[in-house]
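So the structure is just underneath, and the comments pick up after that.
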Amino acid sequence: MKYEKKLFQGKTLAILSGGGDTPAINSSIEAVRNRASLLGFKVYGILQGWKGLLGDGNVVDLTNQPYDGYYGGTALRSSRTNPFPSKKNPESRVPQLLKNFDRYKIDVLVTIGGDDTNGAAKRLFETEGIPVIGFPKTIDNDLRTRTTHHYNGKDIEAVLCPGFPSAAMSVMEFTASLRTTAESHSRIIVMEVMGRDAGWLTGSAIFGGGMLGLIPEFEITKARKDLFFETVKEAFMNSKKKCLIIPVSEGTRWYDEKTGKVDVVYASSEVDEYGHPRFGGVSGVIASEISAKLGNEARAQISGYYPRSGHCRHYDRRLTSTLADKVVDLLLREEYGQMPVMNKIVPFVELEEFNTTSIDMGAVGNKPLSDDYYDINKFSFTDAYSDFLTNILGKPEHDEFRYDFPVVIP
Ligand code: F6P
């Protein structure tokens with residue numbers, strides 16, 4: 001087909017990424033850019049999320065540029081800028097944004113983001129008529145993507161967001177590495193995992209040998225704390241190598257003896273433009289309480305930005321390509337205000353367009369981990385969750401140093 005005969009010739013599609021980065025954003029950008037170019041669009045990248053549409057704008061041309069989709073993070077960079085009035089910034093920046101939309105002659109905007117970025121985009125579509133298509137993204141995996149997980153004759157409402165598969169793989173590998181130091185010192189390591197208000201990512205530690213687990217969805221009251229300590233003691237005694245790695249979500253709600261309240265541990269009192277505070281430090285609190293209560297050597301390890309960093313993993317690479325195929329469908333139908341999602345949880349080889357659908361991109365967060373996936377009485381993830389992870393990560397990964405040294409009797 002000759003270039004001039006292309007469907008969207010003369011039109012411009014712009015892409016932006018907002019919120020916390022993930023290892024799969026560049027892959028999403030590349031996949032959308034490639035398909036939009038084939039359709040005939042000129043493709044722009046807006047730098048630093050919504051911030052790149054303020055002032056005079058900060059826009060780059062991505063058409064025909066080399067692009068490495070395996071490289072993690074986002075080459076378009078990101079910000080947590082909210083174009084709508086917020087507590088932190090009461091002024092509406094929508095007029096500036098509209099001005100730049102006209103100046104750069106943008107016809108369609110694809111927003112790669114979570115609930116905040118896509119929620120703002122949906123609002124622009126509804127109030128200003130800006131043609132937007134959302135693209136899911138978060139390591140927290142807490143957007144309501146309405147993805148069904150078929151397990152044991154039951155349909156469970158699950159979630160699948162690009163970025164989560166790569167981050168989950170890193171959490172699995174990180175946990176598997178921690179095991180050797182935990183084993184060597186017969187320690188309990190309380191490993192803190194990002195995820196804000198959801199425990200999806202924390203659960204991926206079980207594939208690296210993590211035992212038990214605490215997630216934000218189920219708070220640890222005074223009574224539950226006692227039960228938790230008993231469960232830890234028992235799990236430690238029963239562990240083959242006399243050590244444990246306990247994954248805990250950064251947003252775990254933990255009973256504080258001093259205040260008599262159940263709350264999260266905050267890393268800072270500051271909030272972003274969408275009103276989110278930063279969590280961090282609960283692993284230290286839990287580890288020292290375990291030491292004090294049970295007498296075990298317990299240590300805290302914050303996995304922090306590690307799962308968010310590094311290259312895009314294969315599952316994410318194919319997931320982003322598949323969802324980008326659905327973006328083509330939405331563009332051809334001119335269906336805006338929509339976001340492509342997988343309609344069911346599938347293994348790598350079934351990441352195909354026929355398994356996708358699209359949903360309304362407004363108000364898609366926050367989908368907590370359901371009790372199908374977490375056993376509140378055992379403080380552990382269920383077999384259904386292992387099955388969910390098997391689709392995405394394949395098999396659990398942790399080596400074991402097997403030895404049965406003969407004991408020397410003098
Ligand atoms: O939403 C993604 C996320 O990585 C959360 O898991 C975490 O709480 C937050 O972002 C950290 O944000 P920041 O990059 O501002 O430290």
Verdict with supporting geometry, D316 and S166, side chain to side chain donor-acceptor pair (under 3.5 Å): CA-CA 6 Å; D316 256 336; S166 301; 2.5 Å; yes

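- No hydrogens or angles considered: nothing links the side chains of R33 and T63 as a donor-acceptor pair under 3.5 Å.
- Residue-environment remark: NE2 (H314) stays at or below the threshold of 12 foreign heavy atoms within 6.0 Å.
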Chi angles and distances behind the salt bridge (charged side-chain N to carboxylate O under 4.0 Å, His left out) call for D360, K122: CA-CA 9 Å; D360 188 294; K122 179 73 196 302; 2.8 Å; yes

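- Using modelled atom types and a 3.5 Å distance limit, the side chains of D197 and N366 yield no donor-acceptor pair.
- Counting heavy atoms from C-beta on, the side chains of L160 and P165 come closer than 4.5 Å.
- Between V346 and Y315, the shortest heavy-atom contact is O-OH, 2.6 Å.
- Side chain of N58 to main chain of G52: no donor-acceptor pair is present (N/O by atom type, distance under 3.5 Å, no hydrogens or angles).
- With 3.5 Å as the limit, one finds a donor-acceptor pair spanning the side chains of S358 and Q338.
- Remark: D116 CG to Y274 OH distance equals 5.5 Å, nearest 0.5 Å.
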Step-by-step side chain to side chain contact (heavy atoms under 4.5 Å, CB included) determination, C312 to R317: CA-CA 6 Å; C312 179; R317 184 79 173 140; 4.2 Å; yes

Q48/S79 under side chain to side chain donor-acceptor pair (under 3.5 Å): CA gap, chis, key distance, verdict: CA-CA 5 Å; Q48 287 186 284; S79 71; 5.8 Å; no

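- Using a 4.0 Å cut-off between charged side-chain N and carboxylate O, E128 and R123 make no salt bridge.
- With respect to the salt-bridge test (charged N to carboxylate O, under 4.0 angstrom), the residues E217 and K367 do not qualify.
- Put simply, the side chain of T111 reaches to within 4.5 Å of the side chain of M361, judged on heavy atoms.
- For NZ of K225, the number of neighbouring non-hydrogen atoms (other residues, nucleotides, ligands) closer than 6.0 Å is greater than 12.
- Side-chain contact check for E219 and W254: no donor-acceptor pair (N or O, by modelled atom type) lies under 3.5 Å.
- Atom CZ of F174 and atom CG of L178 lie 4.5 Å apart (nearest 0.5 Å).
- When atom types are taken as modelled, the side chain of S291 and the backbone of N296 share a donor-acceptor pair closer than 3.5 angstrom.
- Between the side chain of D256 and the main chain of K258, a donor-acceptor pair closer than 3.5 Å is present.
- Other residues, nucleotides and ligands contribute at most 12 non-hydrogen atoms within 6.0 Å of the CD atom of E234.
- None of R80, K88, R93 except one satisfies the salt bridge (Lys or Arg N to Asp or Glu O under 4.0 Å) rule with E273; the exception is R93.
- For R318 and F348, the positive end sits near the middle of the six-membered ring, less than 6.0 Å away and at most 45° from its axis.
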Candidate pair K42 and D61, rule salt bridge (charged side-chain N to carboxylate O under 4.0 Å, His left out), full reasoning: CA-CA 8 Å; K42 184 191 277 183; D61 191 351; 5.7 Å; no

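- A salt bridge between K326 and D329 is present, with a side-chain N of the basic residue lying under 4.0 Å from a carboxylate O of the acidic one.
- Figure legend: R278 and Y266 shown without cation-pi pairing, the cationic atom not lying both under 6.0 angstrom from the six-membered ring centre and within 45 degrees of its axis.
- Once rounded to the nearest 0.5 Å, the distance linking CD1 of I286 with CD1 of I220 reads 7.5 Å.
- Looking at S28 and T320, their side chains never bring a donor and an acceptor atom within 3.5 Å of each other.
- For D263 and R253, the salt-bridge test fails: no basic side-chain N is under 4.0 Å from an acidic carboxylate O.
- Remark: D399 CG is loosely packed, at most 12 non-hydrogen atoms of other residues, nucleotides or ligands lying under 6.0 Å away.
- Within the 3.5 Å criterion, the main-chain N or O of L143 finds no donor-acceptor partner in the side chain of D115.
- Of the listed residues (I25, I112, I29), just one forms a side-chain contact (heavy atoms from CB on, under 4.5 Å) with L76, and that residue is I29.
- Closest of all the heavy-atom pairs between I245 and M191 is CG2-CB, 4.2 Å.
- No more than 12 heavy-atom neighbours from other residues, nucleotides or ligands sit within 6.0 angstrom of NZ on K105.
- Salt bridge K222/E257: absent, no basic N to carboxylate O contact under 4.0 Å.
- Screening W200, F207, F381, Y151 for a ring pair (Phe, Tyr, Trp, His ring centres under 6.0 Å) with F388, the sole residue that qualifies is W200.
- Put simply, the residue from D387, I215, L389, I156 that forms a side-chain contact (heavy atoms from CB on, under 4.5 Å) with Y373 is I156.
- Within the model, atoms CD1 of I376 and CG of D371 stand 8.0 Å from one another, a figure rounded to the nearest 0.5 Å.
- In the displayed structure, Y71 atom OH is contacted under 6.0 Å by at most 12 heavy atoms of other residues, nucleotides or ligands.
- Scanning all heavy atoms of the two residues, the minimum distance from I345 to V159 falls at CD1-O, 4.0 Å.
- The pair K242-E183 does not meet the salt-bridge criterion, since no charged nitrogen lies less than 4.0 angstrom from a carboxylate oxygen.
- Classification of D21 and R308 as a salt-bridged pair holds, one side-chain N sitting under 4.0 Å from a carboxylate O.
- In the model, N26 has a side-chain atom that pairs as donor or acceptor with a side-chain atom of Y67 under 3.5 Å.
- A donor-acceptor contact closer than 3.5 angstrom is absent between the side chains of D155 and T148.
- F101 places a side-chain heavy atom less than 4.5 Å from the side chain of I130.
- Judged by distance alone, the side chain of D272 and the main-chain N or O of H276 form a donor-acceptor pair under 3.5 Å.
- Two residues are said to be in side-chain contact when any heavy atoms from C-beta on lie closer than 4.5 Å; F84 and L124 meet this criterion.
- For the pair P136 and L323, the tightest heavy-atom approach, listed with the atom from each and the gap, is CG-CD1, 4.0 Å.
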ring-ring contact (aromatic ring centres under 6.0 Å, His included) between Y385 and Y374, worked out: CA-CA 8 Å; Y385 196 70; Y374 185 78; 9.4 Å; no

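- Residues G199 and S249 approach most closely at CA-OG, 3.7 Å, considering heavy atoms.
- In terms of heavy-atom proximity, P307 sits nearest to L201 at CB-CD2, 4.4 Å.
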